[in-house]
Number of protein chains: 2
Amino acid sequence: MVYSQVVDTTKTQKAARGEGPRERLLRAAGTLTYREGTHVGIDAILTSADVARRSLYQHFGGKDGLVAEVLRETSERTEQGYADALASGGDDPRTRLRALFAHLEKLPDAPGYRGCPFVNADLSLADPAHPAHDVIRAHKRRLRALIEAELRAAGHPDPVTAGVQLVLLIDGAAVTAASRPDERPAAAASALAELVISQTAPAS
Amino acid sequence: MVYSQVVDTTKTQKAARGEGPRERLLRAAGTLTYREGTHVGIDAILTSADVARRSLYQHFGGKDGLVAEVLRETSERTEQGYADALASGGDDPRTRLRALFAHLEKLPDAPGYRGCPFVNADLSLADPAHPAHDVIRAHKRRLRALIEAELRAAGHPDPVTAGVQLVLLIDGAAVTAASRPDERPAAAASALAELVISQTAPAS
DNA sequence: CCATCGGTAGACCGATCGGTCGATTCACTA
DNA sequence: TAGTGAATCGACCGATCGGTCTACCGATGG
């Protein structure tokens, strides 16, 4: 079943002391669920976090709770990154959106890039009642709202549809980058996004 | 772990007799891996297909071989659907591409729709050496080539990039439709695709 | 008539899954 | 200093995983 051995059981997280078991668990689970998928075994997470089995259940109630919490905290950091990227674009909502896509365009170049952690988890967890789905939906909804607000500020004729389109481009680029990075999908998505953004100023 | 009981162990496939074990296995595995994800147990597939355990290993060598073969055969049917959709658009490559997106736009309305089976499998199988990845990449590459040929025939200035963009739109729409169908992403993607297609005739 | 062969049935394997629990250690604080 | 609660270790649970194996069945064809 396993063709390549990528699971590294060594306690890489042990250096990150000073953090409590909860933090170590979240960090290890975040790393492993992203790299190996949400189906990593609990034991691998516990070993990597150097945390007792019982602590997991005391803090998160179980694996599903841990996975959901990992995504929740990841969404906070991610959205902070979005906000920073937008801010770097100044005051003009169009340049702000361009800055956001410039930020997103850099992500696939990161060493261990495997696509969007939210999309990956969403598609990996077949059970529609898994608590992670709500977390993911909420995150994507906030992203869409963020973009929609910029589009509205820019006077886009249909900011709702355009918001859906831009998030769709982001997710599509992430999926493609994870599978076929040679197509450079991030750049292709940014070019398409530019078409949407420029709809706000038909006669530039 | 399981919040909703969607696994139906009843031998729904038993009616499909006349087919050999191999066909029944492929049919059952296709249905179950799409509905439950690629992590369905082998026993569920065997029960649903009403096939002996040994037949699976004789025909496909193991679960991974079965999953890969399911995707391979699914890709044939899917690409036939693409070809038919294109053909329904007549001779003009632009109307052919529009017909293709019209075809794709109908897919999410199907009852058990859960997104693109290839994207889902690709993101669910964390092991990069799983044989299914090659099948999936090949399928998406053929789709891209199909689209690229139409764009080239239409005289698009950059058919390669535009091909990547249209496939990216398709995958992004599938991912979004599986998670947040209320956003009607297929329509949003088609509208964006129209922008790409119309680049072929700047002064329509 | 019997040998072969694809299929079935089902026991069985080691490994791993998520989860529970008792016993112990440790740091902090009252 | 004694007590308390959090975190530790590790045994243990039933279930399930993918995979192997033996035995049997029935049709086909020499």
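Quick note on labels: first sequence line is chain A, next is B, and so on, each numbered from 1.
If you check C:dG18, C:dA11, C:dC17 against the side chain of A:Tyr57, the one that comes closest is C:dG18. Checking C:dG18, C:dT8, D:dT8 against the side-chain heavy atoms of B:Val51 singles out C:dT8 as nearest.
Judged by atom type and distance alone, A:Arg53 does not reach the base of D:dG10 through any side-chain donor-acceptor pair under 3.5 Å.
To the nearest angstrom, C1' of C:dA11 lies 13 Å from CG of B:Asp43. One interatomic measurement links the two molecules: CG of B:Leu56 to P of C:dT8, which rounds to 11 Å at whole-angstrom precision. The CZ-P distance, from B:Phe60 to D:dG18, rounds to 16 Å in whole Å. Between the C1' atom of C:dC17 and the CG atom of A:Leu46 lies a distance of 13 Å, rounded to the nearest Å. As a whole-Å value, the separation of A:Asp50 CG from D:dT8 C1' is 10 Å. Going from atom CG of B:Asp64 over to atom P of D:dC17 covers 15 Å, rounded to whole Å. Between B:His39 atom NE2 and C:dC17 atom C1' there is a gap of 12 Å when expressed in whole angstrom units. For the pair A:Lys63 NZ and D:dT16 C1', the computed distance is 14 Å after rounding to whole Å.
Between A:His59 and the phosphate of D:dA7, there is a side-chain N or O to OP1/OP2 separation shorter than 4.0 Å. The shortest distance between the side-chain N/O atoms of A:Arg54 and the OP1/OP2 oxygens of C:dT24 is not below 4.0 Å. Within the structure, every side-chain polar atom (N or O) of B:Ser55 is placed at least 4.0 Å from both OP1 and OP2 of C:dG6.
By the side-chain hydrogen bond (donor to acceptor under 3.5 Å, both in side chains) test, B:Arg53 is found to be paired with B:Asp43, residues two or more places apart in sequence or in another chain being considered.
The two atoms that bring A:Thr74 and A:Pro117 nearest to each other are CG2-CG, 4.4 Å, heavy atoms only.
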Identify every side-chain donor-acceptor pair in residues 159-167 of chain A under 3.5 Å, counting partners at least two apart or on other chains, and give the distances.
from     : atom 1 : to       : atom 2 : distance (Å)
A:Thr161 : OG1    : A:Asp158 : OD1    : 3.4
A:Thr161 : OG1    : A:Asp158 : OD2    : 2.8
A:Gln165 : NE2    : B:Ala188 : O      : 3.0

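A:Thr95 contributes a side-chain N or O that, together with a main-chain N or O of A:Gly89, makes up a donor-acceptor pair within less than 3.5 Å. Side-chain atoms of A:Tyr34 come within 3.5 Å of backbone atoms of A:Arg114 as a donor-acceptor pair (strictly under, hydrogens ignored).
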